[in-house]
Amino acid sequence: MPGNLTLDSLKDAAIKGEIDTVMVAGVDMQGRLIGKRFHVQNFLDTAWQETHCCNYLLATDMEMNTVQGYASTSWQAGYGDYVMKADLATLRVIPWLEGTALVLCDLLDHHSHHPVPHSPRAVLQRQVARAKAMGFEAMMATELEFYLFANSYESLRDGYQRTGQLRDLQPISAHNEDYAMFQTTKEEEVMRALRNGLYAAGIPVECSKGEADAGQEEINIRYSDALDTADNHVITKQATKEIAWSKGRSVTFMAKYDHRRAGSSSHVHQSLWTDGKPAFQDTTDPHGMSATMKHFLAGQLAHIADITAFLAPYVNSYKRFTVGMFAPTKAVWSRDNRTAGFRVCGEGTKGVRVECRIGGADLNPYMAMAALLAAGLDGIERKLPLEPEMQGDLYQSDSAPLPRTLRDAAARMHASAMLRAAFGEDVIDHYHHAALWEVAEHDRVVTDFELSRLMERV
Ligand code: ADP
């Protein structure tokens, strides 16, 4: 479901004094909302047509460092502007912020007004268009996990400033709360506000649930076309942080915030449809899977190492891939088996679909879904055969493991002819550079682990 406001209804809401602020936001390489807040009158007068932002926004790291070495922008190139072009189909009320609406933007070249090729929304739009040209609509859902902490962001920051360490994180619950109805009752101040806030913002929430460790939560949004799902995903993350913050709590979408606890994932459910009919279903097949679905899944299995950097984009992401914690370690497929990297769900129904369980909650949903689509569509184009299903405890399977580090995954991404053809040479070089920077920063910085292990005893 896209946004729930038109320009006319925004005008009415402005006249009635219900909305005074419009957040105008693009999406950066990390999948964060970046932009400006407009007075509603200025938005209605001019900014709805276009506004501008510095083009370094698609060339920074998490810390907003001006990373050099990108072909697209640099100090040398003077860090010019991008056009932020509002996608009015995404205009919506943000009920958890007083008097506020939100619109998502496409980022365009300042001079040509062409989409910026490495803009995450543009990367996904291109793969969606490719699927359309092949006769498919890509329908996807992301199941987002995160940790909810009793601490406020402010108290954590104070502690950090005092000690230089983020040590006092206190999960909202004391025990594993997987499916737990009593413990999650205690968390309703945040989670009910989140479900209802998103729903009223036009985001079709299905449910939330407790997850498999203390303080861990999951929120599910109904599947939709891939672009809409990615939009819903980034707004849901923003909402979760804002609502938790407004209640004096904090959350994290890190893939692995503590090595002793379960990681947080973002499983991606995927199906293709043609003229409103499920292109993945074949009622004559023993598992109800069409040839199209088998080729799609075969493509994803064949290219999984190439696309892993988009499912696990940080050094930390790889710490989630541990045996026996419901996060996969092997790129194999199975039906209804949570130890496999790819699980076939909805067998025998028209909702038959591929669930990719490899991505972490830290993924950028536009890049992850675009990479999954590119791999799957390549499988369809080349009619790749699907290997036999694996069964049992797949942690023990002798299939090729996933890349173990971001360094390995970045090298696979860089060498991938499939990704270079699908995303474009410049886009792959751009994201490869970003991945190498993450690795280099991690190599450079001395961590708490090293200090506590070595300081006294080395
Ligand atoms: P659970 O795994 O909790 O039982 P479901 O299997 O019902 O939940 O659905 C998991 C996710 O898959 C939901 O977000 C749902 O919207 C999504 N989903 C359902 N059908 C499809 C489909 N045909 N294509 C893509 N996603 C789907």
Side-chain angles (χ1 to χ4, degrees), residues 1-2 124 127-128 131-132 136-146 177-181 184 191 194-195 198-199 202-212 216-237 239-240 262 264-283 285 287-290 292-294 296-297 300 326-328 333-359 361 363 365-366 368-373 375-377 380:
M1 193 155 78
L124 180 57
Q127 293 312 305
V128 166
K132 259 202 183 112
F136 300 122
E137 180 159 30
M139 301 299 281
M140 301 214 180
T142 55
E143 299 177 307
L144 196 49
E145 293 174 353
F146 59 92
E177 59 179 282
D178 206 11
Y179 296 94
M181 295 311 278
T184 48
M191 298 308 293
L194 178 59
R195 290 190 308 274
L198 288 171
Y199 196 81
I203 294 184
V205 173
E206 289 183 340
C207 60
S208 64
K209 66 182 274 294
E211 263 298 327
Q216 197 178 27
E217 315 282 344
E218 177 177 284
I219 183 138
N220 289 325
I221 313 293
R222 189 181 153 74
Y223 70 101
S224 185
D225 66 84
L227 184 66
D228 193 35
T229 288
D231 290 345
N232 288 343
H233 181 114
V234 291
I235 297 170
T236 298
K237 279 182 72 177
T240 310
S264 291
S265 56
S266 176
H267 299 158
V268 184
H269 288 252
Q270 317 160 70
S271 59
L272 297 181
W273 295 68
T274 302
D275 300 328
K277 297 200 181 69
F280 274 7
Q281 191 185 25
D282 177 352
T283 49
D285 179 79
H287 305 318
M289 295 164 67
S290 70
T292 299
M293 178 172 184
K294 290 177 186 171
F296 185 84
L297 180 50
Q300 297 196 337
F326 286 106
W333 80 277
S334 190
R335 281 170 297 142
D336 208 15
N337 182 330
R338 285 190 165 82
T339 65
F342 291 88
R343 186 165 71 120
V344 168
C345 304
E347 198 188 351
T349 72
K350 73 186 181 96
V352 64
R353 58 192 180 272
V354 174
E355 178 195 29
C356 173
R357 299 175 57 81
I358 295 168
L363 56 68
Y366 300 88
M369 285 192 247
L372 284 165
L373 255 183
L377 295 178
I380 294 175

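Keep in mind it's a predicted model, so treat the numbers as computed, not measured. Atoms within each ligand, like the ligands themselves, are counted from 1 in listed order. Starting from 1, each residue takes its place in the sequence as its number.
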Q | Pairing residues for Tyr366 by the ring pair (Phe, Tyr, Trp, His ring centres under 6.0 Å) criterion, not counting sequence neighbours | A | none

Q) List by chain and number: which residues place a heavy atom under 4.0 Å from ligand 1? A) Met139, Ala141, Glu143, Glu206, Ile221, Arg222, Tyr223, His269, Ser271, Trp273, Gly351, Arg353

Q. Which of these, Glu211, Lys209, Glu177, sits in a side-chain contact (heavy atoms from CB on, under 4.5 Å) with Glu217?
A. Glu177

Q.
Distance check, rounded to the nearest 0.5 Å: Phe342 atom CZ versus Arg357 atom CZ?
A. 11.5 Å

Q. Which residues pass the side-chain hydrogen bond (donor to acceptor under 3.5 Å, both in side chains) test with Glu347, sequence neighbours left out?
A. His287, Arg335

**Q.** Qualifying residues under side-chain contact (heavy atoms from CB on, under 4.5 Å), relative to Ala371, sequence neighbours excluded
**A.** Ile307, Phe310, Phe423

Q: Drop me the distance from Glu143's CD to Cys207's SG, to the nearest 0.5 angstrom.
A: 8.5 Å

